[in-house]
Amino acid sequence: MVIASMPTALDLARRKSQAVVGAGGHTQLMSSRLAVVVIDAHDPEAVAAFWCEVLGWSIVDREEDGLAIGPAGGAWPRIDVFKVPEAKTVKNRLHFDLRAEDRSTAEELHRLETLGARRVDVGQSPEDTWVVLADPEGNEFCLLQRSLDDLPESERPSS
């Protein structure tokens with residue numbers, strides 16, 4: 001029989017410092033934090049360059065078979081792009097949803113297409129409020145209809 005020991009004051013302080021307010025206003029412990037999203041690519045340099053332009057990020061690390069991009073100041077999450085031999089064959093099961101910032105959604109759509117994004121059909125309906133695009137290697141992502149400026153203050157990300 002295992003008897004759990006009582007948490008120490010240090011244990012309780014650590015838990016309190018990791019607590020976040022969850023759904024319904026209940027305090028819960030933060031268990032994980034998104035650190036990196038990995039994109040497989042034939043040409044990691046081209047895919048990374050595309051996403052750096054889209055997000056205003058830069059290359060933060062290089063390895064033999066890939067590289068990492070991220071925002072200024074080392075903030076998380078970042079994106080790692082690694083070379084793989086196989087081509088993308090089916091719709092992504094995970095994708096990015098983007099919102100225009102400091103410009104209209106129409107202006108951002110034009111900018112993304114100028115950078116090399118192309119519109120793709122993954123079965124979306126004409127009533128959908130987003131545009132499905134693909135990066136230079138076909139990885140789908142969406143541009144949402146409302147820009148950050150169009151969102152109510154309560155739905156905007158904290159700075």
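As the structure is a prediction and not an experimental result, all values here were calculated from the model.
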Open item on the list: Would the distance check show the side chain of His95 and the main-chain N or O of Cys142 forming a donor-acceptor pair, the cut-off being under 3.5 Å?
Closed with: no
- [ ] Evaluate the criterion salt bridge (Lys or Arg N to Asp or Glu O under 4.0 Å) for residue pair Glu113 and Arg119; output intermediate values, then yes/no.
- [x] CA-CA 8 Å; Glu113 290 177 323; Arg119 295 180 195 217; 2.8 Å; yes
Task: From CD (Gln145) to CG (Asp128), nearest 0.5 Å - done: 10.5 Å
- [ ] Compare all side-chain heavy atoms of Leu115 with those of Val54 and state whether any distance is below 4.5 angstrom.
- [x] yes
TODO: Would you give the length of the straight line joining atom CG of Leu34 to atom CZ of Arg78, rounded to the nearest 0.5 angstrom?
DONE: 11.5 Å
Task: Val47 and Phe50: CA distance, side-chain angles, deciding distance, side-chain contact (heavy atoms from CB on, under 4.5 Å) verdict - done: CA-CA 5 Å; Val47 172; Phe50 173 81; 5.7 Å; no
Task: Qualifying residue for side-chain contact (heavy atoms from CB on, under 4.5 Å) with Lys91, from Val122, Asn139, Val120 - done: Val122
Open item on the list: Can you confirm whether Thr105 sits close enough to Leu143 that some side-chain heavy atom of one is under 4.5 Å from a side-chain heavy atom of the other?
Closed with: yes
TODO: Tell me whether Leu55 is reachable from Val37 by hopping between hydrophobic residues (I, L, V, M, F, W, Y) whose side-chain heavy atoms are closer than 4.5 Å.
DONE: yes
- [ ] Could you give me the CA-CA distance, side-chain angles and deciding distance for Lys88 and Glu137, then say whether side-chain contact (heavy atoms from CB on, under 4.5 Å) is met?
- [x] CA-CA 8 Å; Lys88 180 182 174 299; Glu137 289 203 6; over 6 Å; no
If you look only at distance, which donor and acceptor atoms sit under 3.5 Å apart when one is on a side chain in residues 60-73 and the other is two or more places apart or in another chain?
unit_1: Arg62; atom_1: NH1; unit_2: Glu45; atom_2: OE1; d: 3.4
unit_1: Arg62; atom_1: NH1; unit_2: Glu45; atom_2: OE2; d: 2.4

TODO: Measure the spacing between CG of Leu112 and CZ of Arg118 and express it to the nearest 0.5 Å.
DONE: 13.5 Å
Task: Output field: ring centroids Trp130/Phe141 closer than 6.0 Å - done: no
- [ ] Could you tell me the separation between the CG atom of Leu98 and the CG atom of Leu133, rounded to the nearest 0.5 Å?
- [x] 8.5 Å
Open item on the list: Could you work out, with side chain to side chain contact (heavy atoms under 4.5 Å, CB included) as the rule, every residue matching Glu107, not counting sequence neighbours?
Closed with: Arg103, Ser104
Task: NE2 (His110) with more than 12 external heavy atoms under 6.0 Å - done: no
TODO: Decide yes or no on side-chain contact (heavy atoms from CB on, under 4.5 Å) for Phe96 and Ile79, but give the supporting numbers first.
DONE: CA-CA 11 Å; Phe96 299 125; Ile79 298 173; 3.8 Å; yes
TODO: Verify the cluster assignment for Val81 and Val38: are they in a single hydrophobic cluster under the rule of side-chain heavy atoms below 4.5 Å apart?
DONE: no
TODO: Could you check if a side-chain atom of Val132 sits within less than 4.5 angstrom of a side-chain atom of Asp121, using non-hydrogen atoms only?
DONE: no
